[in-house]
**Q** 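The structure's right below; bear with me while I get my questions together.
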Protein chains: 2
Amino acid sequence: MASEQKILLEYLKSKNRKQSKQRTEILELFLKSPRHLTANELYIQVQKHNPAIGFATVYRTLKLLCESGLCREMALEDGVTRYERQQGYEHHDHLVCTKCGKVVEVVDQTIESHQGRLFKKYGFHPQRHRMELYGICKDCVKGEKAG
Amino acid sequence: MASEQKILLEYLKSKNRKQSKQRTEILELFLKSPRHLTANELYIQVQKHNPAIGFATVYRTLKLLCESGLCREMALEDGVTRYERQQGYEHHDHLVCTKCGKVVEVVDQTIESHQGRLFKKYGFHPQRHRMELYGICKDCVKGEKAG
DNA sequence: GATAATCTTGATAAAGATTATCAATTTCAA
DNA sequence: TTGAAATTGATAATCTTTATCAAGATTATC
Ligand SMILES: [Zn+2]
Ligand SMILES: [Zn+2]
Ligand SMILES: [Zn+2]
Ligand SMILES: [Zn+2]
């Protein structure tokens, strides 16, 4: 069994909650899916695999995965929540192409440390941050010039 | 007439669109309102001033103000779009208290320049960015310890 | 394995923010 | 003043996400 499944089971036990076939299946498909996918995108995958699973369960399971630390929510400009694997991934921010939707994960240590300085400067106890850079990727710039 | 009203009129003319009392009134109240307000918060102000104005018009006018450069949209984690005056304000990012909702506007030039480096590093033509820092402000930390 | 308490599920409704529709009204250039 | 075109307000529709709830699944206990 994948270590993520174990983490989920441990989490469920620790909270006196129950295992289910649906949860196992949804986690399995989540792990196989591309990063930064929406609940609906995952639901479509789940439907192909097992049409009996409803989308409320997909939503609920994604929330559960976030609670257990396996998943992280992320919101881009379109207002639709995306979900990405958290386990085994370091913190990162996102660079997004506004033409094709490509998402690149980025980290800049100087930015990270200056964010910490901003929290301190204004007397805030830091919790988290989000940073998104929006631009046009190389391929799409090329396309614009060509087309 | 406030220079913002002139800017709006100029913009409308340039796009062959028309002036209206509602637009003037909504802009006037928008300029008087606190920064980072939601469409609904502005609608409530508008209602007090002129109950005949519908909320669709408030939404439409906020979009118009954004087009004309007088206003900027900003989305926090709760999924509700906020609007803030753009004219006469430099670019800035936001530091948000997750307890009381206080919003502080911040700029760090080192962060800004490193964002530029990230765009370059990954071959993106830069358009814009958003950065939000979430934490607990001094007052709320104090409250937690006291209460 | 049976039992019972509790949790989870799927279908559906509901919520909440924003946008689309459309007839009536207003604006503005001619 | 006139008439084409834009705007308005009311309302419905959309879209994502959450709440509800009866029916079914899970788990600890015997
Ligand atoms: Zn691209
Ligand atoms: Zn990511
Ligand atoms: Zn606070
Ligand atoms: Zn601001």
Side-chain angles (χ1 to χ4, degrees), chain A residues 5 8-30 36-68 71-83, chain B residues 5 8-30 36-68 71-83:
Chain A
Q5 296 284 1
L8 178 57
L9 283 186
E10 284 306 310
Y11 179 78
L12 289 172
K13 255 186 203 169
S14 76
K15 297 285 179 186
N16 285 323
R17 299 180 62 184
K18 292 173 182 172
Q19 190 181 177
S20 79
K21 284 166 197 157
Q22 289 91 334
R23 287 173 174 170
T24 304
E25 214 165 314
I26 292 171
L27 172 53
E28 188 192 325
L29 288 170
F30 172 68
H36 314 120
L37 87 167
T38 65
N40 195 54
E41 284 165 357
L42 180 55
Y43 173 62
I44 290 168
Q45 288 311 113
V46 168
Q47 279 293 295
K48 288 182 190 161
H49 202 252
N50 181 350
I53 295 178
F55 70 81
T57 302
V58 173
Y59 269 98
R60 283 187 289 233
T61 304
L62 282 169
K63 290 284 173 198
L64 174 67
L65 295 181
C66 291
E67 281 175 49
S68 73
C71 179
R72 169 165 89 119
E73 287 193 356
M74 140 205 193
L76 297 184
E77 282 185 337
D78 62 4
V80 185
T81 305
R82 327 253 156 170
Y83 298 85
Chain B
Q5 296 284 0
L8 178 57
L9 283 187
E10 284 306 310
Y11 179 78
L12 289 171
K13 254 185 204 169
S14 77
K15 296 284 178 184
N16 285 323
R17 300 180 60 182
K18 292 174 182 171
Q19 190 182 177
S20 77
K21 285 165 198 158
Q22 290 90 334
R23 286 173 174 171
T24 304
E25 215 164 312
I26 292 170
L27 173 53
E28 188 192 324
L29 288 170
F30 173 67
H36 315 118
L37 87 168
T38 65
N40 195 55
E41 285 165 356
L42 180 55
Y43 172 63
I44 290 169
Q45 289 310 114
V46 169
Q47 279 293 294
K48 288 182 189 162
H49 202 254
N50 182 349
I53 296 178
F55 69 82
T57 303
V58 173
Y59 269 98
R60 284 186 289 232
T61 304
L62 281 169
K63 290 282 173 202
L64 173 66
L65 295 181
C66 291
E67 280 175 49
S68 74
C71 179
R72 168 164 90 119
E73 287 193 357
M74 142 205 190
L76 296 183
E77 283 186 336
D78 62 4
V80 185
T81 305
R82 328 252 157 172
Y83 298 85

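Chain A is the first sequence line, chain B the second, and so forth, proteins listed ahead of strands; every chain is numbered from 1.
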**Q** Taking CZ from A:R82 and C1' from D:dC15, how many angstroms apart are they, rounded to a whole number?
**A** 14 Å

**Q** Roughly, in whole Å, what's the span from CD1 in A:I44 to P in D:dT16?
**A** 10 Å

**Q** Whole angstroms only, please: what is the CG-P distance between A:L62 and D:dT17?
**A** 10 Å

**Q** Just the rounded figure in Å: distance from C1' of D:dC15 to OH of A:Y43.
**A** 15 Å

**Q** If you assign A:V58 and B:E73 each to the DNA chain C nucleotide with the nearest heavy atom, which residue ends up on the more 5' nucleotide?
**A** A:V58

**Q** Under 3.5 Å, which donor-acceptor pairs link side chains of residues 11-19 of chain A to any protein atom two or more places apart or in another chain?
**A**
from: A:Y11; atom 1: OH; to: A:E67; atom 2: OE1; distance (Å): 2.6
from: A:S14; atom 1: OG; to: A:Y11; atom 2: O; distance (Å): 2.7

**Q** With DNA chain D as reference, determine whether A:R60 or A:T38 sits nearer its 5' end, using the nearest nucleotide of each.
**A** A:T38

**Q** Which residue pairs pass the salt bridge (charged side-chain N to carboxylate O under 4.0 Å, His left out) test when at least one of the two sits in residues 53-66 of chain A, sequence neighbours left out?
**A** A:K63-A:E73

**Q** In this structure, how many angstroms lie between the P atom of D:dC15 and the OH atom of A:Y59, rounded?
**A** 12 Å

**Q** Taking the side chain from A:T57 and the backbone from A:I53, do they hold a donor-acceptor pair closer than 3.5 Å?
**A** no

**Q** My understanding is that only residues two or more places apart in sequence, or in another chain, count here; which of them pass side chain to side chain contact (heavy atoms under 4.5 Å, CB included) with A:S20?
**A** A:Q22, A:R23

**Q** Distance check needed: D:dT17 P versus A:E41 CD, whole Å only.
**A** 11 Å

**Q** DNA chain D: stems of at least 3 consecutive Watson-Crick or G-U pairs, cut-off 3.5 Å?
**A** C:1-30 with D:1-30

**Q** Taking side chain as C-beta onward, heavy atoms only, is A:L8 less than 4.5 Å from A:L64?
**A** yes

**Q** Of the residues in residues 17-30 of chain B, which ones touch DNA chain D at a heavy-atom distance under 4.0 Å?
**A** B:R17, B:K18, B:S20, B:Q22, B:R23

**Q** Check whether any side-chain heavy atom of A:N40 sits under 4.5 Å from a side-chain heavy atom of A:F55, and report yes or no.
**A** no

**Q** Provide the closest heavy-atom pair for A:C66 versus A:Y83 in the form atom of the first, atom of the second, distance.
**A** SG-CD2, 4.1 Å

**Q** Which part of the nucleic acid, if any, lies within contact of B:K15, taking any heavy atom under 4.0 Å across all strands shown: a base, the sugar-phosphate backbone alone, or nothing?
**A** nothing

**Q** State, with a plain yes or no, whether a side-chain heavy atom of B:F30 is found less than 4.5 Å away from one of B:L62.
**A** yes

**Q** Give me the first and last nucleotide of DNA chain C, going 5' to 3', that has any atom under 4.0 Å from a heavy atom of chain B.
**A** C:dA17 to C:dC28

**Q** For the pair A:E41 (side chain) and A:T38 (backbone), establish whether a donor and an acceptor sit closer than 3.5 Å, ignoring hydrogens and angles.
**A** yes

**Q** Looking at every non-hydrogen atom in both residues, tell me the closest pair between A:G54 and A:Y43 and how far apart they are.
**A** C-CE1, 3.8 Å

**Q** With a 4.5 Å cut-off on side-chain heavy atoms, are A:V80 and A:L76 touching?
**A** no

